[in-house]
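Before any comments, here is the structure.
Residues: numbered from 1 along the sequence shown.
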Amino acid sequence: PHVIYLSRHGQSEYNVLGKLGGNPPLSPAGQEYARRPAQPLQLSRWHATRAAALSLSLPDAASVGSRSGSPRVYRNLDEIFAGEYEGMTYEEIKKIAPSEATLRSMDKIGYRYPRGESYFDILARLDPLVHELESYHEPLLLVSHQAVLRLLYSYLMGKPRHQAPKVEIPLHTVIRITYDGWNPPYEERFVLG
Ligand code: F6P
């Protein structure tokens, strides 16, 4: 069977402040999550946690990422781009553009941030990556962001797409999904926070 591990990056300063997007440094708790390898953490949150998570003490983690010998960065795994609202909180958005917030709540998967992305846009950029991933047979670890992982998780678990934008993908948790194309996929969660 295929085994895919999914993890969000360690908690970032923006996560603490409730701000969207950006590429802020890890918070102390996020650094704690990423501390496992002896890896200096002056890198961006993405790189720091990605490198770190490769050495998480999970059963078959030793083989994770070993295919190419080193981890790879895929821009397809970038977080949903909030366009004009990058770096803002949900409250700030509601204040300056109440109708936008309402539109998003009515159609979360289809709503596109002004000059930004929608969940559907993420699906389009994930498509080629998913084909590539499915050709791998080694366990694989993907470290990404909340919106992207909601879609990947839902796809791998066979959950309805329109519900994906509301799926719970907590921080500091590794989700292991096992599937073989015949039996129902199943997941295990390792809370490491
Ligand atoms: O809060 C972290 C974050 O990754 C944001 O950068 C992103 O906009 C958001 O989560 C996605 O969640 P939602 O689609 O529920 O706003």
Side-chain angles (χ1 to χ4, degrees), residues 4-31 33-34 41 43-50 53 73-133 142-175 177 187 189 191 193:
I4 295 194
Y5 292 97
L6 305 177
S7 173
R8 289 176 68 183
H9 56 78
Q11 184 189 57
S12 72
E13 302 286 3
Y14 270 24
N15 291 148
V16 176
L17 300 169
K19 293 183 173 188
L20 311 186
N23 195 16
L26 296 175
S27 71
Q31 292 186 26
Y33 182 62
L41 294 169
L43 304 166
S44 74
R45 60 179 169 157
W46 205 98
H47 289 87
T49 312
R50 172 179 57 90
V73 176
Y74 291 89
R75 294 300 310 273
N76 326 39
L77 291 172
D78 282 357
E79 181 53 306
I80 189 168
F81 181 54
E84 294 177 8
Y85 302 150
E86 280 277 300
M88 294 173 67
T89 64
Y90 295 109
E91 290 69 36
E92 287 167 345
I93 297 170
K94 216 177 260 174
K95 221 175 269 173
I96 64 156
S99 58
E100 292 287 324
T102 308
L103 284 175
R104 187 163 201 250
S105 68
M106 285 163 55
D107 177 19
K108 195 172 177 187
I109 196 168
Y111 172 84
R112 177 180 282 150
Y113 282 109
R115 298 177 194 272
E117 289 185 301
S118 67
Y119 273 84
F120 277 136
D121 292 329
I122 305 176
L123 275 177
R125 65 170 150 91
L126 282 180
D127 202 43
L129 178 65
V130 166
H131 287 294
E132 182 181 336
L133 299 184
L142 298 180
V143 179
S144 181
H145 305 262
Q146 181 161 239
V148 171
L149 290 173
R150 282 172 168 159
L151 293 168
L152 282 171
Y153 169 87
S154 301
Y155 171 77
L156 294 168
M157 292 298 291
K159 306 240 187 230
R161 193 166 71 171
H162 67 278
Q163 287 172 14
K166 295 198 172 153
V167 163
E168 199 58 37
I169 307 284
L171 281 167
H172 302 178
T173 302
V174 177
I175 304 173
I177 299 176
E187 66 165 297
R189 294 192 179 211
V191 179

When rounded to the nearest 0.5 angstrom, what is the spacing between [atom1] in [X] and [atom2] in [Y]?
X: Ser154; Y: His162; atom1: OG; atom2: NE2; answer: 10.5 Å
X: Leu149; Y: Leu6; atom1: CG; atom2: CG; answer: 5.5 Å
X: Glu92; Y: Lys19; atom1: CD; atom2: NZ; answer: 6.5 Å
X: Leu156; Y: Ile4; atom1: CG; atom2: CD1; answer: 5.0 Å
X: Leu26; Y: Glu13; atom1: CG; atom2: CD; answer: 8.0 Å

Heavy-atom closest pair, residues [X] and [Y]:
X: Ala29; Y: Gln11; value: CB-OE1, 3.4 Å
X: Tyr113; Y: Gly83; value: CB-N, 4.3 Å
X: Arg104; Y: Tyr119; value: NH2-CE1, 3.5 Å
X: Gln146; Y: Ile169; value: OE1-O, 4.1 Å
X: Glu117; Y: Ile122; value: OE1-CG1, 4.5 Å
X: Phe120; Y: Gly110; value: CD1-CA, 3.6 Å

Checking the side chain of [X] only, and the main-chain atoms of [Y] only, is there a donor and an acceptor separated by less than 3.5 Å?
X: Glu79; Y: Ala147; result: yes
X: Arg189; Y: Pro170; result: no
X: Ser144; Y: Leu77; result: yes
X: Glu86; Y: Gly22; result: yes
X: Ser105; Y: Thr102; result: yes

Step by step, would you call Ile96 with Met88 a side chain to side chain contact (heavy atoms under 4.5 Å, CB included)?
CA-CA 11 Å; Ile96 64 156; Met88 294 173 67; 3.6 Å; yes
Would you check, one step at a time, whether the test side chain to side chain contact (heavy atoms under 4.5 Å, CB included) holds for Leu152 with Val130?
CA-CA 8 Å; Leu152 282 171; Val130 166; 3.8 Å; yes
[Y] side chain reached by [X] side chain, heavy atoms, under 4.5 Å:
X: Leu133; Y: Leu142; answer: yes
X: Leu20; Y: Tyr90; answer: yes
X: Met106; Y: Tyr111; answer: no

Can you tell me if Arg112 has over 12 outside heavy atoms packed within less than 6.0 Å of its CZ?
no
Would one find more than 12 heavy atoms of other residues, nucleotides or ligands at under 6.0 Å from atom CZ of Phe81?
yes
Report yes or no: is the cationic atom of Arg8 (NZ for Lys, CZ for Arg) under 6.0 Å from the centre of the six-membered ring of Tyr153, at an angle within 45° of the ring normal?
no
Residues forming a side-chain contact (heavy atoms from CB on, under 4.5 Å) with Lys95, sequence neighbours excluded:
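So Lys95 forms no side-chain contact (heavy atoms from CB on, under 4.5 Å) with any residue.
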Would you please test Asp121 and Ser118 for side chain to side chain contact (heavy atoms under 4.5 Å, CB included) and show each step?
CA-CA 5 Å; Asp121 292 329; Ser118 67; 3.3 Å; yes
For Arg150 and Ile109, what are the C-alpha separation, side-chain angles and deciding distance, and is it a side chain to side chain contact (heavy atoms under 4.5 Å, CB included)?
CA-CA 11 Å; Arg150 282 172 168 159; Ile109 196 168; over 6 Å; no
By salt bridge (Lys or Arg N to Asp or Glu O under 4.0 Å), which residues pair with Glu84, not counting sequence neighbours?
Arg115
